[in-house]
Amino acid sequence: MKRFFAIVVCLLMVAALVACTGTKPAETPADKPADGLNIKVGFICLHDENSTYDLNFINAAKGACEKLGIKDYIIKTNIPEGQECYETAADMAASGCKIIFADSFGHEDYMIQAAKEYPDVQFCHATGTKAHTEKLPNYHNAFAAIYEGRYLAGIAAGMKLQEMLDSGKITKDQLKIGYVGAFTYEEVVSGYTSFFLGVRSIVPEVTMDVTFTGSWYDETAEKEGAMKLINGGCVLISQHADSMGAPSACESMGVPNVSYNGSTVKVGPNTYIVSSRINWEPYYEYAIKAAAAGEAIPADWTGTIETGSVELFELNDAVAADGTQAKIDEAKAAMVAGTLHVFSTDAFTVGGEHLTSYMADVDTDPAYTPDTEVIKDGYFHESEFRSAPYFDLRIDGITLLNESY
Amino acid sequence: MLHISKRAGLPAWKAWLIRGAAIVLALIVCAIVTMIVTGLNPITVFKTMFDGTLGSSRRIWVTVYRIVILLGISLAVTPAFKMRFWNIGAEGQVLIGAFATAICIFYAGKMPFFQNPNIPLAVKNLILIPCMTVAALAAGALWGFLPAFFKSRWNTNETLFTLMMNYVALQLVKFMIAYRGFKYVWSPNGTVVGIFNSNAALGSYGVGWLPEIAGSRYLLPALVIGILTAALYLYLKYSKHGYEIAVVGESERTASYSGIKVNRVIIRTMVLSGMICGLVGCLLAGTDRTLTDTLVDGRGYTAVMVSWMSKFNPIGMIFSSFLIVFMQYGAKEVASKPELGLNHSFADILTGIILFFIIGCEFFISYKLQFSRHKKREV
């Protein structure tokens, strides 16, 4: 027993010594405001850096804070879509954060609850849908017109298909591509449809199969989904789910892949063509600046190509067809000029008909009542009446293999 | 060389001294690991842990809430453990209690009576909250009854049975909140239910939310669990039931010879366990005003540890719960500081080290280590 305590005492002394010597270099005062904004910011993420989706947010958060010279910020990762989100948000507000961001769709209700409790703090929720109906002055939604980015990525895919056709690698009746989606939510529907329309603007005969995994992050399911599509005759794959499942399946099968949220060129050096993503940095900067200056932030904020929110990663020249960049730039310029609309009613049909009118469910309610006319001036006005997508049409040319999610 | 022998009985102060030393040792090892692996000052890390759990009045409240929930579940599993009935189904029992509560809150929110804005909220909740409580108690009791009944009838393995009941409860909840078939009923958002009755424009706003006392929603659970702790302490220590549980735990044979109906005690005790779990579930769903599959968040399993660490003493559980909550959430706070540059895994390592020491020290309390010397051998 004595010996035991002797050891304890020794260890204590050593630790005390170590602790004392360790104090000096570790301290660098963070409270020096430098010349940056003096505001405390909180970020809530569903997963951590291992998810491409959350990594995209985390990088944007760090980037924005660095740019604005903000030292005092908190990033909390692995916050599920439940009471944990409320607790985290409320805790951030209570500990001095003046603006708080959350990145996942299911965080919304919990953010609203915290927003009601802390009216002096701004709560910004990416991908949410309720800000314009809740009408809280301190609760806001944001998204980006990512369908434009998807369309551009689709053009790159179309160019690749054309190249494969021209070189005789595939024949005209093999023109089928595949898409691995997570859920049948509007965000995904809007994403694969715009991608498909981008492809079809280059190769009009193309069709597409879509399969759903029922999860935002399930590497096995995504891999299996991609394999199923490839075995079903799809000659090019894209995806809207956050793991490396689909890109790695494509690489192993030698099938070209268009990615999302981040470049997957490391996983697929021989198959990765291009990736589109939402860059959240512009929104973060904008919202933080507004909060610091005490200016109002709109209930809905939709980033565009012009704000720098919709981005394409650099083309992988080893895979992409010649002339792809020029085609993309051309379409991009037309979008910015307002002459090209992704969801132009001339570009797609539903049940063989061109639409002239469509009521979408923009205001969230439990019954999913369509409430807003979204087709005007010959195109579907996506992300205009609220920032989050509401395009939920099943257009001709796309086959959904399973709809259970 | 090394001789291990069981201790006849250690004075309580010595046992606590060893426990205290274990915690100090654990912190020292954590500090050394932190230093070596990350090069950070361990004091900063501990300060962050402290700040994350007790750093502001809000945090203290949340910590109290977490403690009482963990304490409540630990209390619930204790009678069963004392009886040597391996109930590791608290996770499911709590969740099913929360589920029953959520069903009441959700469907009440759809009823005209509860939607009527002219009836004061207090009246609505005065009707609804007892219903929620009864439903939760019943659901928890059922989840406790089934394994006990099968055990006493067909001598099934209660460890497996209670464990599997956890998954049944979990899948039921997942099915209701995320399955597309119910999407329109339960989850207007698709994968999450959100906050129940939170639309301020409707008359059902606030229906089924447990009341805030003195401006804090966390006080009510604290009061309920506080009373429960005292009640369970008395029940186990002074009641006939408590005595029967202890006897059955020592030896089922002895119990049946002395005229105790063992099967009845098992079923009765498990129903009690389940009911307390159900009640905790009700507190969780009613306080958090939501239902998610992470609502219990593994605390049904952590409670097993709390109960054992405290030697089934409800008063001891208060301290163990505090300790574990402090470690877990302190570690989470450490993980969230970008200036520390540590992620969640590191926080888990720290928690692991601390638990290792705390559980390990029980060995030194129960057993004596003797380093035998050569001299002795010669004798």
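Given the structure is predicted, the values throughout are model-derived calculations rather than measurements. Atom set for the values below is all heavy atoms of this structure, side chains included, hydrogens, waters and symmetry mates excluded. Throughout, a chain's letter reflects where its sequence line sits, starting with A, and its residues are numbered from 1.
Looking at A/Ser95, the atoms closer than 4.5 Å to chain B (heavy atoms on both sides) all sit in the side chain, from C-beta outward. With a threshold of 4.5 angstrom between heavy atoms, A/Asn78 approaches chain B through side-chain atoms but not through N, CA, C or O. Neither the backbone nor the side chain of B/Ser56 comes within contact range of chain A; no heavy atom of the residue lies under 4.5 Å from a heavy atom of that chain. Within the 4.5 angstrom heavy-atom criterion, only side-chain atoms of A/Glu84, from C-beta onward, approach chain B. There is no contact between B/Tyr329 and chain A, counting heavy-atom distances below 4.5 Å.
Under the 6.0 Å distance and 45° angle rule, B/Arg58 does not count as a cation-pi partner of B/Trp61.
Among B/Leu284, B/Thr292, B/Ile195, B/Asp51, the residue with the largest count of heavy-atom pairs under 4.5 Å with chain A is B/Ile195. The candidate from A/Gly82, A/Pro80, A/Ala90 with the greatest count of non-hydrogen atom pairs under 4.5 Å with chain B is A/Ala90. With chain B as partner, the option from A/Glu87, A/Lys116, A/Gln83 having the largest number of non-hydrogen pairs under 4.5 angstrom is A/Gln83.
By the 30° and 60° cut-offs, the orientation of the rings of B/Phe196 relative to B/Phe106 is perpendicular. Between A/Tyr217 and A/His47, the two ring planes are tilted [angle within 30° to 60°].
Checking side-chain atoms of A/Asp48 against main-chain N and O of A/Asn50 turns up a donor-acceptor pair under 3.5 Å.
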